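Model, not experiment: these values are computed from the prediction. Every chain is numbered from 1, with letters handed out A, B, ... down the list of sequences.
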Amino acid sequence: MATATKERIYSVLAEFGSAGELLHAAEKVRDAGYKKFDCHSPFPIHGMDRAMGLKRSKVGYIAGICGLCGGAFAMWLQGWTSTVDYPLVISGKPLFSWQAYIIVTFGLTILGAALGAVIGMLVLNRLPQWFHGNFYSESFKRFSDDAFFMSIEADDPKFDVDRVSEFLKSLGGRTVEVVKGA
Amino acid sequence: MSVAETTEHAPGYESPLITGEQTFGSISRKIGEITERKTTMTWLLAFGAAGSLALVLLGSIGYLFYEGTGIWGLNVPVAWGWAIVNFVFWVGIGHAGTLISAVLFLFRQRWRTSINRFAESMTLFAVICALVFPGIHVGRVWLVYWIFPLPNQMGMWPNFRSPLLWDVFAVSIYFTCSLMFWYVGLIPDLATLRDRAVTKVRKFVLGLFSFGWRGGNRQWKNYELAYLILAGISTPLVLSVHSVVSTDFATSIIPGWHTTIFPPYFVAGAIFSGFAMVMTLAVISRKLLGLQDFITLNHLEKMNKIMLVTGMMVGYAYSCEFFIAWYSGSIYESFAFINRAFGPYAWAYWIMVTCNVLVPQVFWIKRWRRSIAVMFVASILINVGMWFERFVIVVSLARDFLPSSWDYYKPTFWDVSTLVGSFGLFFTLFLLFARFVPMIAMSEVKGVLPEADPHHGGKP
Amino acid sequence: MELKDKEYWRSLEQLAGTDEFRHYLEREFPKGTVELAGNSWSRRSFLTTMGASLALAGLTSCRRPVEKIVPYVTRPEEIDPGVPNYYATTMPLGLSAYGVIVTTHEGRPTFIQGNPLHPSSKGAVSPIVQASLLDLYDPDRSRSVLHHGKETAWDDFVAWWKEQYDRYKQSGGEGLAVLSESFNSPTLSRLKRRFHETFPKAQWVAWEPVSDENIYKGIELATGRVLQPVYDFSRAQVILALDCDFLGTESEAIANTVGFTEARRVRSRSDAMNRLYVVEPSMTVTGMMADHRVAVDRGRVGSLLLALARVVTARGVPIEFARGVNRPNTELASDFVQVLSGDLGMHRGECLVVAGRAQPPAVHAMACAMNAALGNVGRAVTYHDIASLVLSSDTDLAALAANVEKNAVQTLIIAGGNPVFSAPRDMSLSTLLEAVNDTVHLSSHVDETSLSCSWHLPRAHYLESWGDAQSWNGANSVVQPVITPLMEGRGDVELYALLAGGEEVSAHDAVRETAQPLLGRAGFESKWRAGLHDGIMPGSGPAAVVPGLSMGELDLADADGLILSFDCSKHFDGRFANNGWLQELPDPVTKLAWGNAALISPKLAEEYDLENEDMVELDIDGRTLEIPAWISPGQADSSISVALGYGRAAAGRVGNGVGFNAYKLRTSDNMWFATGVKLRKLGPKYSLACTQDHGSMEGRPIVRENTLAGYKEKAEFYPREIEHPPPVSLWDEHKYDKGYQWGMAIDLNACTGCNACVVACQAENNIPIVGKEQVCNGREMHWMRIDRYYAGDIHDPRVLVQPMNCQHCEMAPCEQVCPVAATSHDPEGLNVMVYNRCIGTRYCSNNCPYKVRRFNFFNYMNELPELIKMAQNPEVTVRFRGVMEKCTYCIQRISLAKIKAKNEGRTVTDGEIRTACQAACPAQAIVFGNIGDANSRVSQLRQNDRRYRVLEELNTRPRTIYLAKLRNPNPALVKDTDAKAEGGHG
Amino acid sequence: MAQFFPKWTNYIPTVTAIGGVLGLIAVIGFVWYYFSPEYTDVGYRPVQPVEYSHKVHAGDLGTDCRYCHTGVERQAHANVPPTRTCMNCHTMVKTDSEKLALVRNSYASGQPIEWIRVHNLPDFAYFDHSAHINAGVGCISCHGDVNRMEVVMLSEPLSMGWCLECHRNPDENLRPVAEVTNMRWENPADHARRVAGWIEEKQIQPPIACSGCHR
C-alpha cells in the first residue's frame, strides 16, 4: 500500500478477531499509556468504555441544558404575549392561564433536549468528518461490516511506527497496517 | 422461515431473536443487497400505483384550494369532517414506530431491533400524511402561518389556549424528534452501505449522509448516550402527542367529546392501530424482501400480543364511556352515546366495535397468533376499525345540544379522494424507503448476535 | 321642485353612467339563467385566490393596488359620505300600505324599517316589506320597453298610445280594456275616474290572485255596504281566528301583531293576557301562538262557526243569522265550541272573531254579525268607508275573459300583475291574449304575462317612484322615491296618467295635485313637506262607521272528502319569487326554504304511506300537479295545503323553477280550496331544503313554558331546568363591571316566529344568499334563526318558537379553541369575531353549544351581481371565503352610537341602540341594551321571574336571556298533558 | 474505499453552521424591514391628476384643513372636496392657470376628478375621524406634515400595530381640540398634566379590543 512519495503516516491499524479480543487489546493499549487510540467495531461493544478508560459522555448535560432553555422560552413566550404584549380576554379566563401553557412548554422542552442531544453528539464526535486518515486503509472499511480494528494515531505523544506496530502485533492483531496517505 | 415456523420452545427459554445462522457479514450482506440490487418489477409496479394515488391527493388538494372547503361534505353543526378524521388516524398510526424504537428500547426488549427501523420509518411517513390535513382543512390556507408565533405588523399572537395550537406544536415536534431519532439510528448503517458501495455515486451519496462515521468507540460512546436520551424523551413525547390530539375533543364541551378518558384511550388506540399498520407492512415486506430470518414469527407473535392488549384497552374505553355517560347523569352525554350506538351513525359505530374489539380476540389462540394469513387480515380490519373510531367521534357533532341544529354529514367525492390519496402518499414514501434505505437496523441486529458479546467464547 | 333639492338621487345615476356599470349589467344578464348565489360553481372566478394575494400583500412587499377617490362635483348638502340618511316613504302591497323609513348610504337604500307614525307598520316590518329592498337591486328586472320582444324606448310606446288614445276617444273606448291590480291610492283612483270619463265604454277590471275580496263581499252581505274592517287586537281579550293567519300572511299582519302582543305581554305575575282560539286547516304563525287550536279543513270552518253561533245564541246572545240558516247542527269539536262560546259570552265587547281571506263571504258575514252581536264593533273592530278602494273582483275578471273570447277587446292594458301565471286555469288567459290585437303589460320583470303581450313596459320599484296610498284606516301617505330609477322603469301613476290623459305627466305633480284638495289650499306647502317628512299626511282618514246589520241569504255548502287549500306564501302571490332573501327564508312552520310542498297531516301520511319528500300527484277533476309531500303536524287530516306563487317560469334567475305551481289547480269555482282531491303517491323523492330536521326538544329545557295560571301560582317552567352543581369556575372569572355591558332579552311569550328579524338581520349585516343546494347541505348563513319545536300530541301539537342568535356568552366556549384568537371578548362583554384574523379552522363552530356560528364554505359574496352588492351595508365588513361569522349584536350600530355619544360628551342612552332584529320585530319581543345600567329595559327584564338562560348548566353565561313562554288555555279545556308538560315535550 | 472525500470537506460543517446562523439572522432582518408596512407603504406618493400642492394651500396660505376636508369632526370620513370647493376661490384666483384646466373642465362637465387615494385602510378596519378629532388627536399624528408636502405622501404605516401603539398610550398625540389642525403645535411643558385632565374630562379610553375597529 505504501507507495507514493511524501506521504505522511496517519495511524497504525490492527485488526482483531472478535469483539472480545479487541476489548482485551484495548485494556492493554490503555495501560500502555496511549491516549490517541480508538477501537472500531460494527456495533458498540459492551464494556469497551472502561477498557479504553473513557470518561462518561457529556451529551447528557448538553441535552439537559437545551431542554431547560426550550421550556423556559416557551413559558416566557406564552406568558408575555398573552399578558404583557396583547392581553385579550378569551372565554373569560385569566390572562396568564399557565395550565393551558403547559403543553407547549413541555413540547419545546422535549424539542430542545432532542436537538441538544443530536447536535451535541455530532459536535463531540466531530461529525460530519468526511475525510479521515483511517480511510486511506483499504481494509479499514470492513469495520462497518464484521471486522474489529484498533487504531493508534500518529499524533499520539508516545507514537512511534515500529514500536506501535510491534505492540499491536503482540496484542494479537491479525494484521497490522501502517496507514499512509497524502 | 422453515426453522422459525416449527420452533417450539419450553416456557422461559428465549428463542433466538433471528434465525438462519446469521453472522455479522451475512447480516450486512442480506440487508445491504436489498438496496443495492437492480430495481425489481414488483417494486416499480407498486411504486407506480402508489405514486398515482399520491397524485390523486395532490389533485384533490389543488381543487380544494381553488374552491374552498365547501367541496367537502362539511356543514354546521358538523364543521369538521374527514380531514380531521384522517389527521387523527394518521397521527395514531405513527405511534407504533416510536413506541417500538423508544419504549421497547428502554425496556431492553432486544427483539425490537428487527422491526424498529421500518416501524420508525412508518412513523415518519404517517406523521407526514397527518401533517397534511391540519394544513389544508382550514378555510384560508394562505394564512395558515398565523398559527405560529411570528412577530407581525398586526401585533397579534396566536391563542395558546387552543388545543388546535397544541396539536400543531405537539405533532410537528413529534415529527422532528422522530426524524432525528430515525436518522441517528441510520448513520452506522449508512456507513455500512457506504463501505459496501462500488459505484462512485453511491460512494458519494452514502458517504455524504453517513457523515464519515468510523464506528470508533469514542464515537459509539456519545452516540449511544444520545440515542438513549432520544429514546428517553421520545417516550413521554409519544405518550403526550396523542393525548394532545385527544384534547381537540376532550377540552370542548360537546357531548361525546367532553371526556376525560380520551387521552389514555387515544394513546392506546394509537398504539393499537400503529401496530396493526406495522404488521401489515411487515408481513408484506418480509415476504417480498425475504427477511423471514430477521422478522421471525416470534416477532410477529409478540406484536400480535401487544395488539390484543391494546385492543382490549380500547374496548374497555368504549364501555367505560358508556358507563360514565350514564353515571354522569348528564342527559346530553347519555343521549350522545345512545345516539352513537343506535342513532343515524350506528352503522359506523358497530363497524368500529367489531373491528377493534372483536377481531383482536382471535389472538388468544396461539395458532392464529402465529398464522400469517390471520394476522394480515386482522391487521387490516383493525386499521379500518380505528379509522371508523375517529369518524364516530368526529360526527358526534351531528347531534349536540339544540335539536334544532341537528344535521347529517355526508362525505363527498373529494372527501374520499383525499383519504385515498393520503394512503398513496404514505405508500409512495414507504416504497422509496424500502428501496434505498436499509430496512433493518444492521448495527443493532449485529449487536444482539451472541458473538457480539465480548465475553462470548464464540468463534471469530 | 322636490326633485330639484333631491338632486343627490342622481349620485347613483352617475355611477350607472360609468362603463363598469354597463359592463356589469351586460355580464349579469346572460339569457341562460342560473340561481344567483349557490351552486353555480362555473361562475366562480379566481377572485378568491386573488384575495389571497391581497391578504399577503404585506409579505410580497408589493405596492397596494391603486385606489381612486371620486368626490362629488357639487356635493349636495344632504349627503355626508358615510353618514346614512333616512327617508319616510310607503310600500303599497295590494290594498295595504306600509309606512317605512328607508336608510340610504350615498343615495343607496340599504335598510328598511317601519315608520312608527304609520298605522299599518307602527315602527315594525314584515319579511316581505324588509325584503322588498332587494327587489330594487334585482338585476333581472326588465331594463327597457319591449315591443314584440324587441327593445324600444318609452317614447315609441307613448307615440303608439297617443294614436290609440285619439282613436278610442272617438269610439268612447269601445274595445279598450284595462286589467289592473287592486289598489287603495287616491291618485290612482282619481286617474281611474278620469279614464272612465274619457272612455265611458272602456272596461276596467281590477284583479289580484291573492285578495281580500271575500272579506269585503262578506261585509257587504252582512251590512249592505263595502266597508274596510280595521282590527285593534290590543282591545280583544278573547280572539277567535277562523282560518285567519292574522299574524302572518293576512293583510295588515304587522299592525295585528303589534296589537295582539300588546294584549298578550305579561310584565309581572299580576298581568292579564289575552286568549287565542284558532280554527285552521294547516299550522300557521297564528296557529303556533294559539292557546287552543282545532285543525279543521277549510270547507268545514263555516259550519263550526255556525255551530258556535247557535250555542252563543242559546246562551242568550242572539246572533242574527244563527236561526236564519237552515242547516243541521254539526258535531265538530263540540266541547271546544261549548267552552269557546262561554268565553266569548263572558267577554262581550272585548273579544274578536276574525275570518281569513280564504273563507267564503258567508263566513265573513257571520263573523261580522257575531262581532256585532258580541258588541265588539267600535271596539276591537271598526269599519271604515274608504273612498279610493279599488277592489279585486273575480267576477269582473271572468267578464273580461268572456269579452275577450267574443273578440270585444282590441286593446288590453295589463297594469301590473301577472295574470297569465296566476289567473284561474279555467279561463286559459295566455291563449285568450292571442286573440287581442294589442296587449300592453306594465311589469317589473319580463314575466309570464309579458311574454304573451305585444308591449312590455318596465315598472319602477316603489322606492323609485312617486305615488300615494291609503292605509287600511284611510290615513293617507305618499310614496316618495329615494333613488332615481336604476332601470328604465316608470311607476303606475305615470302610466295611468298617460292612459287617462293621453300625455306624459310627472308623477310627482300628479300626486301633489291629488293632495291639494285633501290637504287644502291653506298652508299646503308646509303640510305637504311635513307629510313627506313624517311619511304620513296630516289629517286622519274617514271616521269609523257603525253599520246596521241586514243579513243577506247565506249559503254554506259543507265540503267533504279530501280538501286542497291554497295558501298565500312568503312570496305573497308569487310576485316576490325572484327575491333571494325570501326564497332562502325558511317557512315559519315547516322551515322549508327554496320551494313549497303539499302539506299533509301525519295521519294522512300514514294512510297513503307517505314520507317527507315523496313525490305525489294531486288531481282535481283532470287538472294535476306533481309535488313533493311534507308532513306537517297540526295539519287537518282531511286537508292538503299548497302555497301559491311557486314554480315560476319567468321570474328571473333566482325564482325560476323553484317549487311547484299550485295555480295550475286553481279555477274560478275553487279559488281558495278544492274538494274531492285525488292524492296519489308517485315513485321518486324530491329533495327539499329544510333548515330544521328535528322538531322535538327531546325533553330538554330549551324553550320553557307554563300556563298563565300555573305561572301565577309559581314561577316555574317546563321542561324543568336540568339539575346541575353550582356553576363554579376553576379560575378567577373576568369581571365585567366597568362601562357599557351589552345584553339582550328575548320574550318568547311575544315572539310569533314571523321571521321579520331574520330578514332584517340579513339586510343589515350583508348576509349572503347561498342557494338551495347549500341550504340542503346545512350551510344556510342566517345569523339569526328561529327554532321551531313541537310539543305534546303529534296530531294536535303545541308549537314553540325561539329566535336563536349568538348568545354572547361571557365564558364563550368558541373563544378558547381558536388558535389565532380571531374571536375574543371585548370589555363590553361582546363576543367579537374578527373576520380578517380568522383562518377558518371552524373549531369555534364545533364548540358552540348553540350552533349559531356560520361559515363561508365558498366565496358567496363574489357570487353576487354588482347590482345586488349595492344593497350592502357599508358599515359591515363583507366576509370572504373561509371565514367564520355570526351575530355581532349589530356592533356597527353600537360603535356608531358610542362615537356619537362621546362626540356629544354624553353616554349612550337606553333604547338609543336598536339591533336590526329588534328594529324589525312587530311583537317587540327583542330588547337590547346596557345590562350594566340597572334602569335599562333589558336590565329590568333580566330581573323578571320568567327569565332563563338556554343551556344554563353549561355555565357559558350567555348575555342573551329568554323570558319563558306563557299560554293562557281555558281551564275548562286543559288536558293534563298540556300544563305540566314535561312529558309532553318530544 | 480508500479516501473518497478530500481533506477540505471537513471544514464544510463548520462553515455551513456559521453561515446558516448568519443567513438566518439576515433573512429575519430582511423580512423585518422590507416586508413591514413602514417599508412597503410609507412614502407612497402617487402623482395626482391635478398638481395640487398642500404646501402652498395648507402651509404657505395657511388654509385650515377643514375648509376642504369638511365634516371631519362630525363624521367618520374626511371628505375629499368636491370640485365646487376648488372653484370657490379659483373662479377669482389663477382663473386661467394650466394646472387648473382639469378642475375647470370637471366643474363645467360635471365629471368628477379622480384623485388617487393615499391614506387607505382595509375594508375590515373602521376608522372614525370625528372620534379622533374630538379626542384631540392632531391631523399631523396620522397624516404627517401635510403643510410641507408638495405632493401628499403617506408618512405613517397605518398598520394595526402602529394604530395600537397610540391606542395603548395616546398621551403624546393628544392636544386641545382647537389645535388639531395646527401643524406647528408643540406639546407645552405641562403637557402631561393637561393630558391627564382631558383624559379625565373626556373619558379618553382608546379601545384595544377588536371591536374598537373591526365590525
Side-chain angles (χ1 to χ4, degrees), chain A residues 17-20 22-23 26 38-49 52 54 57 59-60 63 67 77-78 81-82 85-86 88 90-91 93 97 100-101 103-104 106-108 110-111 113-115 117-118 120-122 124-125 127-132 134 141-146 151, chain B residues 23-25 28 149 155-161 165-166 169-170 173 176-177 180-181 184 187-188 191-192 194-196 207-208 211-226 229-230 233-234 236-237 240 244 247 442-444 446-447 451-458 460:
Chain A
S18 74
L22 186 58
L23 188 80
D38 204 345
C39 304
H40 308 270
S41 54
F43 52 84
I45 299 172
H46 187 67
M48 183 58 90
D49 294 0
M52 291 176 64
L54 302 179
S57 164
V59 171
L77 178 76
Q78 299 177 86
T81 53
S82 49
D85 190 51
Y86 203 156
L88 282 172
I90 305 259
S91 296
K93 295 188 173 170
S97 317
Y101 304 158
I103 290 177
V104 173
F106 169 79
L108 287 198
I110 298 285
L111 183 63
L115 287 171
V118 173
M121 183 272 283
L122 291 178
L124 292 177
N125 286 349
L127 293 176
Q129 186 177 25
W130 289 288
F131 173 92
H132 189 277
N134 289 355
K141 70 180 182 186
R142 284 181 35 249
F143 86 86
S144 67
D145 179 5
D146 58 357
S151 74
Chain B
T23 66
F24 298 138
S28 343
M156 286 292 293
W157 296 98
N159 167 22
F160 290 100
R161 295 174 185 78
L165 196 73
W166 304 342
F169 277 85
I173 288 171
T176 326
C177 292
M180 291 193 290
F181 200 14
V184 168
I187 292 177
T192 310
R194 169 197 66 193
D195 298 344
R196 295 171 50 86
L208 188 68
F211 288 177
W213 177 259
R214 296 193 308 286
N217 191 60
R218 295 175 189 275
Q219 292 181 329
W220 281 120
K221 178 187 72 173
N222 296 323
Y223 177 94
E224 277 191 290
L225 183 55
I229 292 173
L230 282 178
I233 56 181
S234 300
L237 182 61
S240 80
V244 171
T247 59
M442 295 181 269
S443 65
E444 291 199 41
K446 290 174 187 170
E451 301 86 329
D453 176 1
H455 309 297
H456 175 270

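Heavy-atom pairs under 4.5 Å with chain A peak, among Gly25(B), Gly215(B), Gly155(B), at Gly215(B). With chain B as the partner, the residue from Asn125(A), Asp146(A), Leu108(A) showing the most heavy-atom pairs under 4.5 Å is Asn125(A). Ranked by heavy-atom pairs under 4.5 Å with chain B, the list Ala26(A), Cys39(A), Gly120(A), Gly20(A) is led by Cys39(A). Considering only heavy-atom pairs separated by less than 4.5 Å from chain A, the leading option among Arg196(B), Glu224(B), Glu444(B) is Glu224(B). The most heavy-atom pairs under 4.5 Å with chain A, out of Ala226(B), Ser443(B), Gly216(B), come from Gly216(B). The most heavy-atom pairs under 4.5 Å with chain B, out of Ala100(A), Ala117(A), Ser57(A), come from Ser57(A). Of the listed residues (Ser41(A), Ser97(A), Ala113(A)), the greatest number of heavy-atom pairs within a distance under 4.5 Å of chain B belongs to Ser41(A).
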Next item on the list: Please test Met121(A) against Tyr223(B) for side-chain contact (heavy atoms from CB on, under 4.5 Å), starting from the C-alpha separation and ending with a verdict.
Entry: CA-CA 6 Å; Met121(A) 183 272 283; Tyr223(B) 177 94; 4.1 Å; yes

Margin query: Checking Leu88(A) against Met156(B) for the side-chain contact (heavy atoms from CB on, under 4.5 Å) test, could you report, in this order, the C-alpha distance in whole Å, the side-chain angles of both residues, the deciding distance, and whether it holds?
Written below: CA-CA 10 Å; Leu88(A) 282 172; Met156(B) 286 292 293; 4.2 Å; yes

Item checked: From CA spacing to verdict: side-chain contact (heavy atoms from CB on, under 4.5 Å), Trp213(B), Gln129(A) -> CA-CA 8 Å; Trp213(B) 177 259; Gln129(A) 186 177 25; over 6 Å; no

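Both the backbone and the side chain of Pro236(B) come within contact range of chain A, with heavy atoms under 4.5 Å apart. Heavy atoms closer than 4.5 Å to chain B are found in both the backbone and the side chain of Leu124(A). Contacts of Leu23(A) with chain B are made by side-chain atoms alone, with heavy-atom separations under 4.5 Å and no backbone atom involved. Heavy atoms closer than 4.5 Å to chain A are found in both the backbone and the side chain of Leu208(B). Of the atoms belonging to Phe169(B), it is side-chain heavy atoms, and not backbone ones, that fall under 4.5 Å from chain A. For a residue to count as touching a neighbouring chain, one of its non-hydrogen atoms must lie under 4.5 Å from one of that chain's; by this rule Leu22(A) does not touch chain B. The contact between Ala452(B) and chain A is made by backbone and side chain atoms together, counting heavy-atom distances below 4.5 Å. Looking at Gln219(B), the atoms closer than 4.5 Å to chain A (heavy atoms on both sides) sit in the backbone and in the side chain alike. Both the backbone and the side chain of Asp49(A) come within less than 4.5 Å of a heavy atom in chain B.
With values rounded to the nearest 0.5 angstrom, Phe106(A) atom CZ is found 9.0 Å from Ile233(B) atom CD1. With rounding to the nearest 0.5 Å, the separation of NE2 in His40(A) from CZ in Arg218(B) is 9.5 Å. Between the CD atom of Glu451(B) and the CZ atom of Phe43(A) there is a distance of 8.5 Å, given to the nearest 0.5 Å. Residue Arg214(B) holds its CZ atom at 3.5 Å from NE2 of His132(A), rounded to the nearest 0.5 Å. Rounded to the nearest 0.5 Å, atoms CH2 (Trp157(B)) and CG (Asp85(A)) are 6.0 Å apart. Separation of atoms CH2 (Trp166(B)) and CD1 (Ile103(A)) is listed at 4.0 Å; rounding is to 0.5 Å.
Taking every heavy atom of both residues into account, Ile110(A) and Cys177(B) meet most closely at CG2-SG, 4.0 Å. Between Pro454(B) and Ile45(A), the shortest heavy-atom distance links the atoms CG-CG2, 3.9 Å.
With hydrogens and angles ignored, the 3.5 Å screen pairs a side-chain donor or acceptor of Lys446(B) with a backbone N or O of Asp145(A). Judged by distance alone, the side chain of Thr192(B) and the main-chain N or O of Ser144(A) form a donor-acceptor pair under 3.5 Å. A distance-only check finds no donor-acceptor pair linking the side chain of Trp220(B) to the backbone of Met48(A) [under 3.5 Å]. Checking side-chain atoms of Asp38(A) against main-chain N and O of Asn217(B) turns up a donor-acceptor pair under 3.5 Å.
In this structure the side chain of Leu115(A) reaches within 4.5 angstrom of the side chain of Met180(B), judged on heavy atoms.
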